[in-house]
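By convention in this document, chain letters (A, B, ...) are assigned in the order of the sequence lines, proteins followed by strands, and residues within each chain are numbered from 1.
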Amino acid sequence: MLDIRYIRENTDKVKASLLRRGGDYGIDKLTELDKKRLGLVKKGEDLKRQKNEVSQLIGVRKKAGEDTTEIQGESRKLGEKIEKTEIETKRIAVSIREALLAIPNVPHESVPFGEGDSDNVEVRKWGEPVDFDFLPKNHVEIGEGLNILDFARAAKLAGSRFSLSKGTAAAMERALINFMVDTHTSEAGYVEIAPPYLVNSEAMTGTGQLPKFAEDLYKIENTDYWLIPTSEVPLTNIFSNEILLFEDLPISMCSFTPCFRAEAGSYGRDTTGLIRQHQFNKVELVKLVAPEDGEKQLEKITENAEDILKKLNLPYRVVTLSTGDLGFSATKTYDIEVWVPSQGKYREISSCSLFTDYQARRMNIRFKRDKKAKPEYVYTLNGSGLAVGRTLVAILENYQNKNGTVTIPEVLQSYMGNINTIEKTNIL
RNA sequence: GGAGGGUUGGCCGAGUGGUUGAAGGCGGCGGUCUUGAAAACCGUUGAACGUAACCCGUUCCAUAGGUUCGAAUCCUAUACCCUCCGCCA
């Protein structure tokens, strides 16, 4: 969330920035409430001071054996006044917090203005799409043809938007996960984390999924557990309510987890195949950094994700999301899009975002520059490194051969018993 | 699932109703001493808000309520941790 003090002191600036997101977000009403609250707080504190003084006096007089009936009544009266003020203060504070939680992050000035994804701006492109001398199949045709993907049976188990990979496909997913995590930990200095896949509401609120986007999440009935839609949630929340040391920054974490998304409102989009699933595997990168380091680290995290695609030799491009496509908590986001031959276009395979102190403020993650310094909020970042299912799609399609087999990318071969081709199998 | 025990500052740990934001120790920081260091000694040492800062004030002893003129201390609920029993990958 945004800093109420910052909003108080830079009201017009905040309003102008949010306008780029196409909204007003009730800033005027918010500042009005804020003013009211401050007045009440002051009043309440003044009353409390009086009461503390009186209570102390009672203690002293009682010790001296004096009668304190009258002065006790006075204290009680003060108590009633305080209670009234507090109730009102709390009521306003709650509305302020609710309003703040519903206000998105302010877009970075370098973010292009736009209505939606059509206004995203391409930053760079890498690799050349293969020029097939045959009509390339899509990954579903390839996978089912080789008998390594089975959507029909997955539907029996869980319905649509679920998949079942068999034999070499299952092995390749596992290989991809290991390859990605190994690369990030050994070459880019990330620490591997294996987090819980279920988290509580507080954690979901910390990273911004709640309260606004509950319909995108799966909740475990009769509990306060939610299935994580991305390991961004557990990883970023690891340090909630902590004060870190400057020397510890930047903190770079990497994890592999399944991700669960309800995909409400995406009916009719990518209905077949692995592109959009209720459950998918993802390797995630998360960083906690000092504010002045934020923009540089966004470039870095994006490069780390790109590096995986380069090593897999998959053509991709990087785009900057426009204000219309930018996620709620992010100030700036790069999407990495991989070439999907069957669709003849680039599709998102990674999303790398800088959140400034927006998430850190919700989670209360701070750091100190030195022992005596005041704590400051860290900046948080995350990026997919990469979405595993979509990477599998890209490999199947970009590495397909005319005879229906798929060549295995060189970097994965050592992870797959040194085989180099996926052939059709008759397993199951 | 059953039965107990616990949760106090960066850490350890005292504190069962009245200037207790909290003894003592460790650690940290500053200083004295020293050629330098260690030791010793002295001082200092959390966070949020009001406020940019000082002073000052308010709040914070797991969390949320309650009792009381006054709560770290009493009561209730919840969360988490530990031990034992049962069950279990």
Quiz item: Any sub-3.5 Å donor-acceptor pair from Arg361(A)'s side-chain atoms to Tyr377(A)'s backbone N or O?
Solution: no
Practice problem: For the pair Arg390(A) (side chain) and Ile275(A) (backbone), establish whether a donor and an acceptor sit closer than 3.5 Å, ignoring hydrogens and angles. | Solution: yes
Using the [atom1] atom on both, measure [N] against [M] and round to a whole Å.
N      : M      : atom1 : result
A71(B) : C61(B) : P     : 11 Å
G17(B) : C84(B) : C1'   : 35 Å
A72(B) : A62(B) : C1'   : 12 Å
C12(B) : C87(B) : P     : 35 Å
G2(B)  : U8(B)  : C1'   : 30 Å

Rounded distance (Å) that lies between atom [atom2] of [N] and atom [atom1] of [X]:
X         : N      : atom1 : atom2 : result
Asn241(A) : A79(B) : CG    : C1'   : 14 Å
Arg361(A) : C49(B) : CZ    : C1'   : 14 Å
Glu86(A)  : G65(B) : CD    : C1'   : 14 Å
Phe367(A) : A47(B) : CZ    : P     : 14 Å
Leu244(A) : G10(B) : CG    : C1'   : 13 Å
Lys35(A)  : G50(B) : NZ    : C1'   : 17 Å
Ile4(A)   : C49(B) : CD1   : P     : 12 Å

Which nucleotide, if any, forms a Watson-Crick or G-U wobble pair with [N], using both distances under 3.5 Å?
N      : value
C56(B) : G50(B)
G86(B) : none
A14(B) : none
G27(B) : U45(B)
A40(B) : U32(B)
A79(B) : U7(B)

Self-check item: Salt bridge Lys48(A)-Glu45(A), side-chain N to carboxylate O under 4.0 Å
Solution: no
Quiz item: Would Arg161(A) and Glu263(A) pass as an ion pair if we require N to O under 4.0 Å?
Solution: no
What is the nucleic acid contact for [X], judged by heavy atoms within less than 4.0 Å: base, sugar-phosphate only, or nothing?
X         : answer
Lys62(A)  : base
Lys368(A) : sugar-phosphate
Arg366(A) : sugar-phosphate

Quiz item: What is the per-nucleotide protein-contact pattern of nucleotides 51-58 of chain B, from the 5' end, where B denotes a base atom under 4.0 Å from a protein heavy atom, S denotes such proximity for sugar-phosphate atoms only, and - denotes neither?
Solution: -S----BB
Quiz item: Taking Asp34(A) as the fixed residue, which of Lys29(A), Arg5(A), Arg8(A) is the one that meets the salt bridge (charged side-chain N to carboxylate O under 4.0 Å, His left out) rule?
Solution: Arg8(A)
Exercise. With sequence neighbours excluded, tell me which residues meet salt bridge (charged side-chain N to carboxylate O under 4.0 Å, His left out) with Glu83(A).
Key: none
Practice problem: Only counting residues at least two apart or in another chain, list the ones meeting salt bridge (charged side-chain N to carboxylate O under 4.0 Å, His left out) with Glu187(A). | Solution: Lys311(A)
Quiz item: Which of parallel (below 30°), tilted (30 to 60°) and perpendicular (above 60°) describes Phe328(A) and Tyr358(A)?
Solution: perpendicular
